[in-house]
Every structure is written in C-alpha cells, then in structure tokens.
Amino acid sequence: MVKKIIKTDPLVELLEGADREMLITLIAELAAHRLDVRRECFDYLNKHISLSTAQRSDSDGEIIMALWNELYSELQDFDECGGGDYDREDNLIEQLADLIHKLENSTVEEKVRRALLEEVMPFIISSNAGFDDQLYELAYATCSSDEDWRNLAQMLEAINQDSPTRQAREIYRKLGDRAKYLELRDKKMKYGDDYHDLATFYLDEGNRKEALSVAEEGMKKGLGRMDGLRKFLSDRALEDGNREKYLALQFELASEYLSLETYNTFKNICSVEEWSAFEPKIVELLDTSCSTGYLKIRMQREEYKEALAILLKSSYHHYYAFDADDELNTVQQLEKRFPEQILTYYKSGLGNLNSNAQRKEYAQQAGVMAKVRHMMVDVIQDETRWTLFAGKVKADNLRRPAFQEEFGRVLAGWGDLQ
C-alpha cells in the first residue's frame, strides 16, 4: 500500500523557522497597512490570551475604530451620491449592525466613544446617505452614562433640524430633564403625534388634568394622524366610566382607516345594542371605497353582491395588486356564485393581447389566461367556449414566438389548438 504524503503549507514551514521577534515584526507591519488585518489580530488575540481590564478596553477600542474605518469610505460615498445599489447597501447595513453590536458589548473607554461619535455626527447632519436609523442607533451605542447621553442630546439639538431635535427631545425626556424637554417640545406643536407625545409626558408625571387638556387641544388643532390621541382619550374615558365617549372615540379609530381588523376590534367591544347603533354607520362607509379591506368586510358579512360590486370597480392585476393573495381568495369564493362576472373580471387582467411586449409580460398574461380557462372549463363547464376563445387568441399571435412559448408552458393543450 502506497503511503499518502501530506503536503505542508510552505508558509507554515517558513513561520515555524522564524523566531518570536521576527513574527512580531511581520504581523505589526501587515497590520499597519491593512485595517482588516489589524482588527482580525485583535479579535484573535482577544479570544486566545488573557487580558487585563485596561488591555481589554484598549483592544475593544482598536476593534471598534477599525470596523468604523473599514466602512467609512463606503458610507462617505453613499453620503456624497445620495445612495447606492442594493447589494452595497445591504453590505453596509450589515457592517453597521456588526459595529453597533460590538460597541454595545464592549468595554471601550469614553474618549474612544466620543471620538467615534464626532465622526458619526457629520453623516447624521447631512442625512444624505440613506442610513439614518442605523446612524442614530450607532450614536446611541456610544453612550454609556447620563453624561454621554446629555452630550449627544446637546449635539443633536445644535443641528437645529426636525429629526435631530426630536431625538434630542426624547433623550432629555428619558434623562428626566423636564425643562429641556418642554423647551424643545414647545417649539413644534403641529401634528396629532406632537400633542400625543406631550399628553403622555404629563400623564407619566402624574398630571392627568394637564394631559387631558393637551389631548383635547390636539384633537382640535392637530394635523395628520390622530389615532394616537384618540386612543389616549378613549383610554381615559374608559377609566372614567364614560362609555358614550369611549365608544365614540373607538368608532373614530376604527373608521378612520377601516379594515377587517379594526371592524372586528370595534364590533367586539360593543354590546349587541351598541353595535346595532353603530353598524349602519359602518355599512355607509363600505359604500365609499373599493379597497381590499372593505372587500374583506363584505365577505365576512356574507354580502356577496356588494363584495362583487367592489371587486368589479377595478381590473384584475394579479401580479401587482395590493393584498393580492387575499383578493384572489375572495375571487375564488365568488366564482361559483357569479361565474360570468368573475370570468369578465379575470379577462380584464389580460390587457392588450395584440401588442408586442416583453417575455415577462407574456408570462403574466398566460397566468391570467389559465384563470380564464379555469372559469370556462371547470366552473362554467363549457370547453367549446374555451377552445373557440383560446384558438382565436393563439391565431392572432402566431407571429410572436415568445408569446406562444410562454402560453404553451402554462396552458395544457395550447399547442393542439386550431
């Protein structure tokens, strides 16, 4: 039997012949010019040798700054260009997440954290790279004491822009700095969410009267979404035993963005008598829109004709419709009840079958055509009707090989049609 010869890595052989000083010199020179090598050295040594508290802190600091320097140029490019391609974006998000995780679980001393924050802030100020959430999270990760948090809040406040000011305000609130929070809060009281934020602040500090006053004022003056304020006031009404006000606010919550979920939530909090008073108002709303949410409500109520009417207000677009799976499920439930109408609905999704298009478009049309066949053959049970319809479509598109290929892939017997 021939003995197998195991070849040793030539580099390993050379390293085995080098003394300690030579290896230190080699690694130090490599690490001096390669940030990733320097970081990997610290990572490796952290795991394999015993370090003092000071050494551990220094080592963590080196790793943190190396990670930041490795992604800095890419982040700078995104900032200068206002974005980048998806693959690069995903990679940068992963790098930032890794840096944040390392920082949150490190013993880095304050001066390193502050130095990193100073380098992060210009990107927060410009807000042009497309990574605001990650950059704020990184800035938060640099804070390990109330002093750090206050320093960050002051830096954000100094930017004098809406988003940084909001972040500063939230930090002051968490620090319990009532005066600074109210100072910044008073500068912007425009939207419902602004009033809701202030109302919860007063409630948290035990000033229920002022909280209610702010919330009521917000209901009159606030712009934009008001669901936070309505929920706040409805909760207080429930605490006070004011059932009438509670239900009125809950109805507004349910009806502002009416969906099957909000419909059921509101119905479940009502007694039979209360629901009988509010139900006509809900039904009236259902006649004002053709949204998928309203369609679901009609189906749950077993109002199939009304559901069909909502469905037929738009064309069938199976490949980009919002909530497409739910809509398709609804259509399938209506197929046997209204076969001709559903057939017409499916046909509306075929588009122009006599115009040139990309192969992807032909494939999508073939998918819709399969539904047309299903209705004619399986539901209406008129195969002759299908043969005549499909045969004409095929004949009209004989000069489009790609069209014929895509339809042939999806529709059984397509090649045999005359």
Side-chain angles (χ1 to χ4, degrees), residues 30-43 60-106 108 110-144 148-149 151-171 184 187-188 190-191 193-194 223-225 319-322 357-361 364:
L30 288 173
H33 301 289
R34 293 272 305 278
L35 291 174
D36 56 335
V37 171
R38 184 176 180 83
R39 174 176 56 80
E40 287 176 14
C41 287
F42 277 106
D43 274 334
D60 284 348
E62 287 281 351
I63 292 171
I64 294 302
M65 294 310 296
L67 284 169
W68 170 250
N69 288 326
E70 285 173 32
L71 64 83
Y72 184 89
S73 61
E74 183 77 338
L75 181 61
Q76 189 174 45
D77 186 56
F78 269 79
D79 189 65
E80 291 172 353
C81 299
D85 63 55
Y86 291 124
D87 289 340
R88 291 172 60 210
E89 180 179 312
D90 290 343
N91 184 56
L92 192 48
I93 287 174
E94 288 182 11
Q95 288 181 287
L96 284 165
D98 187 31
L99 172 56
I100 291 165
H101 177 73
K102 295 274 191 189
L103 186 55
E104 290 175 336
N105 294 278
S106 72
V108 179
E110 182 183 301
K111 69 177 182 179
V112 176
R113 292 174 181 269
R114 292 287 178 96
L116 176 58
L117 179 60
E118 290 288 345
E119 296 199 25
V120 172
M121 287 305 296
F123 294 103
I124 289 179
I125 293 171
S126 71
S127 187
N128 199 47
F131 300 95
D132 283 3
D133 290 345
Q134 291 82 6
L135 290 169
Y136 276 115
E137 191 176 353
L138 178 55
Y140 296 156
T142 67
C143 300
S144 62
D148 289 339
W149 282 107
N151 174 65
L152 174 58
Q154 291 169 346
M155 294 175 74
L156 292 170
E157 182 185 353
I159 298 172
N160 197 29
Q161 295 174 6
D162 282 350
S163 181
T165 299
R166 182 176 67 253
Q167 305 296 331
R169 186 176 63 237
E170 291 177 1
I171 293 172
L184 296 186
K187 289 182 178 181
K188 185 183 179 185
K190 181 178 181 181
Y191 297 102
D193 285 345
D194 296 326
L223 303 177
R225 292 184 69 101
Y319 50 92
Y320 62 82
F322 180 68
Q358 295 180 348
R359 185 178 286 270
K360 180 181 178 181
E361 179 78 14
Q364 291 165 345

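Quick note: numbers below take in every heavy atom, side chains included, and nothing from hydrogens, waters or symmetry partners.
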Next on the checklist: A side-chain contact here means heavy atoms from C-beta on lying under 4.5 Å apart; do Glu119 and Met65 qualify?
Outcome noted: yes

Next on the checklist: Are the side chains of Ile159 and Thr165 in contact, using a 4.5 Å heavy-atom criterion?
Outcome noted: no

Next on the checklist: Counting C-beta onward and ignoring hydrogens, is there a side-chain heavy-atom pair between Met155 and Leu117 closer than 4.5 Å?
Outcome noted: yes

Checklist outcome for this item: Taking every heavy atom of Asp132 against every heavy atom of Ser127, the minimum-distance pair comes out as OD2-OG, 2.6 Å

Item to check | Atom CG of Asp162 with >12 non-hydrogen neighbours under 6.0 angstrom | outcome: no

Item to check | Pair Gln95-Leu67, side chain to side chain contact (heavy atoms under 4.5 Å, CB included): steps then yes or no | outcome: CA-CA 8 Å; Gln95 288 181 287; Leu67 284 169; over 6 Å; no

Checklist outcome for this item: For Tyr136 and Ser163 the tightest heavy-atom approach is OH-OG, 3.4 Å

Next on the checklist: On a heavy-atom basis, which atom in Gln161 and which in Ile125 lie closest, and how many Å separate them?
Outcome noted: OE1-O, 3.6 Å

Item to check | Neighbour count >12 (heavy atoms, 6.0 Å) for atom CD, Glu80 | outcome: yes

Item to check | Backbone of Ala141 reached by a side-chain donor or acceptor of Arg113 within 3.5 Å | outcome: yes

Checklist entry - Say you draw a straight line from CG of Leu96 to CG of Asn91; how long is it, rounded to the nearest 0.5 Å? => result 10.0 Å

Checklist entry - When rounded to the nearest 0.5 angstrom, what is the spacing between CZ in Arg169 and NZ in Lys187? => result 10.5 Å

Item to check | Close side-chain approach of Ile100 and Tyr140, heavy atoms under 4.5 Å | outcome: no

Checklist entry - Which is it for Leu116 and Val108 under the side chain to side chain contact (heavy atoms under 4.5 Å, CB included) test, yes or no, and what are the steps along the way? => result CA-CA 11 Å; Leu116 176 58; Val108 179; over 6 Å; no

Checklist entry - Any donor-acceptor pair under 3.5 Å linking the side chain of Asp90 with the backbone of Asp87? => result no

Item to check | Residue pair Ala153 / Ala168: nearest heavy atoms and the distance that separates them | outcome: O-CB, 3.5 Å

Item to check | Spacing of CG belonging to Asp77 relative to CG belonging to Leu92, to within rounding of 0.5 Å | outcome: 10.0 Å

Item to check | Euclidean distance, Cys81 SG relative to Gln76 CD, rounded to 0.5 Å | outcome: 10.0 Å

Item to check | Aromatic ring pairing Trp68/Phe123, orientation class (parallel under 30°, perpendicular over 60°, tilted between) | outcome: perpendicular

Checklist outcome for this item: Here the pair of heavy atoms bringing Leu75 nearest to Ala129 is CD1-CB, 4.0 Å

Checklist entry - Mind checking whether Thr142 and Val120 have side chains closer than 4.5 Å, heavy atoms only? => result no

Item to check | Rounded distance [0.5 Å steps], CD in Gln154 versus CD1 in Ile171 | outcome: 10.0 Å

Item to check | Verdict with supporting geometry, Met121 and Leu156, side chain to side chain contact (heavy atoms under 4.5 Å, CB included) | outcome: CA-CA 8 Å; Met121 287 305 296; Leu156 292 170; 4.0 Å; yes

Checklist outcome for this item: Scanning both residues in full, the closest heavy-atom pair of Phe78 with Arg88 reads CE1-NH2, 3.6 Å

Checklist entry - How many angstroms lie between atom CD of Glu137 and atom NE2 of His101, to the nearest 0.5 angstrom? => result 12.0 Å

Checklist entry - Do Arg114 and Asp148 touch side chain to side chain, with heavy atoms closer than 4.5 Å? => result yes

Next on the checklist: Is there a side-chain contact between Tyr191 and Arg225 in this structure, where contact means two heavy atoms from C-beta onward sitting under 4.5 Å apart?
Outcome noted: no

